[in-house]
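All chains are named by letter (A, B, ...) in the order of the sequence lines, taking the proteins before the strands, and each is independently numbered beginning at 1.
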Number of protein chains: 2
Amino acid sequence: MTDTLQRKPVSQVANSDCFTEESLTKLKEIMYEMRAEAGNHLFWEGDAADKLYFLKRGQVKITKASDEGKSFILYVYNTGDLFGQVDPFQNSVHSFNAEVTENSIIGVIQQKDLEVLLWQHGDLAVEFMKWMGLMHRMTQTKFRDLMMFGKPGALCSTLIRLCNTYGKNHGSEIVITKKLTNSELADMIGATRESVNRMLGDLKRANIIAMENNYIVVKDLPYLRDICQCENCPVDMCRI
Amino acid sequence: MTDTLQRKPVSQVANSDCFTEESLTKLKEIMYEMRAEAGNHLFWEGDAADKLYFLKRGQVKITKASDEGKSFILYVYNTGDLFGQVDPFQNSVHSFNAEVTENSIIGVIQQKDLEVLLWQHGDLAVEFMKWMGLMHRMTQTKFRDLMMFGKPGALCSTLIRLCNTYGKNHGSEIVITKKLTNSELADMIGATRESVNRMLGDLKRANIIAMENNYIVVKDLPYLRDICQCENCPVDMCRI
DNA sequence: TTTGTGATGTGATTTACATCACACTTCCTT
DNA sequence: AAGGAAGTGTGATGTAAATCACATCACAAA
């Protein structure tokens with residue numbers, strides 16, 4: 001049982017899977033590698049937004065802090081994910097913070113280098129455009145899920161996205177192979193820790209989810225889908 | 001006074017302004033023109049997402065309806081705006097509805113034609129990528145504003161975006177040269193008509209806004225900025 | 001082994017916002 | 001000019017979720 005949990009989850013898919021092998025190689029050729037320790041920041045809001053980041057290994061969260069000290073987690077990126085901004089303005093700055101939450105190895109792409117590459121390789125440009133479209137749609141659907149179905153809907157949507165990102169099938173159950181605190185979940189849906197705790201309690205009591213070695217196990221995915229009116233969108237889009 | 005209101009607002013900027021004249025011409029060459037009457041739909045959720053739309057004249061709203069009959073307005077596009085999906089999946093479908101809200105003339109671009117064009121023209125590909133980045137950032141910042149600062153914050157953010165989209169300076173005041181009902185505003189921020197009515201009443205009483213010929217006039221923009229912790233981002237990004 | 005620290009679980013209370021209900025205004029139409 | 005439809009304004013009430021305030025638990029460090 002425990003050893004099953006340690007294995008790489010079958011469904012773990014990186015957003016860079018949009019790219020063909022060749023395109024990803026081209027991108028890798030213009031990266032320079034850096035290492036970042038957990039707790040550091042890749043960028044802060046207000047910093048110039050002129051780089052893309054390829055997470056070779058590790059984890060980075062994109063967050064926003066409010067004046068009252070609350071934190072909102074917009075995205076969680078993992079090994080193999082590509083992220084960052086490519087904006088039309090010279091003086092463009094980030095609106096969010098990028099917090100390194102696990103020791104990471106990161107490939108950095110300068111906007112100028114990327115532009116040259118896209119200019120030269122039409123096929124890469126087309127793939128890149130599709131990757132951007134996918135990322136945008138992920139934001140839009142998350143936006144919808146978090147705005148339209150109350151806090152329980154937001155939580156259920158987030159649990160589904162966690163299944164799509166970290167889920168490992170285990171019979172009819174799905175183990176979310178990623179430890180998450182109630183506070184983390186709360187920051188992902190803009191709720192309080194207490195609310196998340198109560199909602200998770202409700203779901204456990206209704207036998208929708210369970211805990212196994214502190215991992216969340218989803219036992220009734222259709223129930224979660226029903227709460228947030230999930231339309232069963234592609235796994236690659238419906239992620240954290 | 002009335003005639004001032006009729007003139008095209010100075011700050012009305014279309015999102016296609018990201019493109020150079022030449023690039024926009026290239027895009028226009030692969031469009032086919034269609035007309036759509038107010039009340040019709042350009043696409044419904046579930047329809048194939050394989051086209052871009054250029055609004056030559058008119059207005060289109062991107063909306064999402066919930067099971068309980070509530071409607072959420074994600075975007076409002078106007079003359080000169082480009083919108084649509086370019087997704088990596090063959091079987092990709094829309095998650096939202098596109099409702100034509102004014103009689104419109106629309107240029108339609110097929111995804112395949114766009115791909116060929118981007119392949120051939122590196123400069124257009126780079127501009128297109130920047131346009132996509134800008135649209136994504138607009139979604140992200142709206143997401144943040146609507147999630148983090150309560151309904152009053154969401155309303156203030158929306159009023160600021162309306163100023164950036166339809167605003168006409170009039171001394172130190174900004175006239176939003178677009179008639180909006182309380183219900184429309186409510187659907188833009190995921191609130192009820194009654195809540196919007198009360199919040200607008202509060203703002204009027206505090207002399208932050210006023211009504212002139214049924215147009216909203218913003219008298220104290222800094223106050224609105226303060227409520228939603230607006231960081232004065234570029235006007236091109238902070239739009240409806 | 002105790003002490004500290006971060007996380008969970010839960011009750012009581014408050015707050016923000018939705019819902020319901022209805023009066024009033026505007027303006028469109030035939 | 002009358003009637004109706006769409007929009008506005010506002011009280012009363014209900015409810016979801018935040019806030020506050022602790023108790024408990026797990027586990028690492030001194």
Side-chain angles (χ1 to χ4, degrees), chain A residues 2 38-39 65-73 101 145-159 176 178-206 208-217 227-228, chain B residues 2 38-39 65-73 101-102 145-159 176 178-206 209-217 227-228:
Chain A
T2 311
S66 79
D67 283 357
E68 307 91 56
K70 278 194 237 170
S71 171
F72 180 65
I73 300 174
T101 45
D145 293 347
L146 267 53
M147 286 291 298
M148 294 190 73
F149 312 119
K151 296 306 172 188
L155 180 61
C156 292
S157 159
T158 300
L159 289 172
I176 297 174
K178 176 90 193 165
K179 292 213 166 133
L180 294 150
T181 65
N182 291 350
S183 303
E184 267 184 302
L185 283 170
D187 288 346
M188 287 177 187
I189 66 175
T192 59
R193 177 194 69 78
E194 294 94 324
S195 294
V196 168
N197 187 280
R198 281 181 245 262
M199 288 188 287
L200 287 177
D202 291 344
L203 292 174
K204 282 174 208 162
R205 251 165 272 127
I208 312 299
I209 63 168
M211 299 302 295
E212 276 177 25
N213 322 335
N214 291 317
Y215 290 96
I216 297 172
V217 181
I227 295 295
C228 61
Chain B
T2 310
S66 79
D67 282 359
E68 306 91 56
K70 278 193 240 170
S71 172
F72 179 66
I73 300 174
T101 44
E102 287 175 9
D145 292 347
L146 267 54
M147 287 292 297
M148 294 188 74
F149 312 118
K151 295 305 172 191
L155 179 61
C156 291
S157 159
T158 301
L159 288 173
I176 297 174
K178 177 90 192 165
K179 291 213 168 132
L180 294 150
T181 66
N182 291 350
S183 303
E184 268 184 301
L185 283 170
D187 288 346
M188 286 178 188
I189 66 174
T192 59
R193 177 194 69 78
E194 294 93 324
S195 293
V196 167
N197 187 281
R198 283 182 244 262
M199 289 189 287
L200 287 177
D202 291 343
L203 291 173
K204 282 175 208 160
R205 252 164 271 127
I209 62 168
M211 299 302 294
E212 275 177 27
N213 320 336
N214 291 317
Y215 290 97
I216 297 173
V217 180
I227 295 295
C228 61

Tell me: [atom1] of [X] to [atom2] of [N], nearest whole Å?
X: B/Met148; N: D/dA18; atom1: CE; atom2: C1'; result: 15 Å
X: A/Ile209; N: C/dT8; atom1: CD1; atom2: P; result: 12 Å
X: A/Met199; N: C/dT10; atom1: CE; atom2: C1'; result: 15 Å
X: B/Leu185; N: C/dC17; atom1: CG; atom2: C1'; result: 17 Å
X: A/Leu200; N: C/dA7; atom1: CG; atom2: P; result: 15 Å
X: B/Glu194; N: C/dA16; atom1: CD; atom2: C1'; result: 15 Å
X: B/Asp202; N: D/dG9; atom1: CG; atom2: C1'; result: 12 Å
X: A/Met211; N: C/dT8; atom1: CE; atom2: P; result: 8 Å

salt_bridge(B/Lys178, B/Glu102) N-O dist < 4.0 Å: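 Counted as a salt bridge, because a side-chain N and a carboxylate O are separated by less than 4.0 Å.
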
Which part of the nucleic acid does [X] contact within heavy-atom distance under 4.0 Å: base, sugar-phosphate only, or nothing?
X: B/Lys179; value: nothing
X: B/Gly190; value: sugar-phosphate
X: B/Gly201; value: nothing
X: A/Thr192; value: base

Closest to side chain of A/Ala191, choosing from D/dA18, D/dA21, D/dT10: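 When the side chain of A/Ala191 is considered, D/dA18 is the closest of D/dA18, D/dA21, D/dT10.
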
Per B/Thr181 side chain, nearest of listed nucleotides C/dT19, D/dG7, D/dA17: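 Looking only at heavy atoms from C-beta outward on B/Thr181, the closest nucleotide is D/dG7.
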
Main-chain N/O of A/Ala154 paired to A/Thr158 side chain as donor or acceptor, under 3.5 Å: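 Here the side-chain-to-backbone pair exists.
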
Under-4.0 Å side-chain N/O to phosphate OP1/OP2 contact, [X] with [N]:
X: B/Asn182; N: D/dG7; result: no
X: A/Lys204; N: C/dG9; result: yes
X: B/Asn197; N: D/dG9; result: yes

Nearest-nucleotide comparison on DNA chain D, the residue closer to the 5′ end among A/Asn214 and A/Pro152: A/Pro152

B/Arg193 (side chain) and D/dG9 (base): donor-acceptor pair under 3.5 Å: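 Result: at least one qualifying N/O pair found.
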
Any donor-acceptor N/O pair under 3.5 Å between D/dT19 base and A/Arg198 side chain: yes

Side-chain heavy-atom pair [X], [Y] within 4.5 angstrom cut-off:
X: A/Met147; Y: B/Leu146; answer: yes
X: A/Thr192; Y: A/Arg198; answer: no
X: A/Leu159; Y: A/Leu203; answer: yes

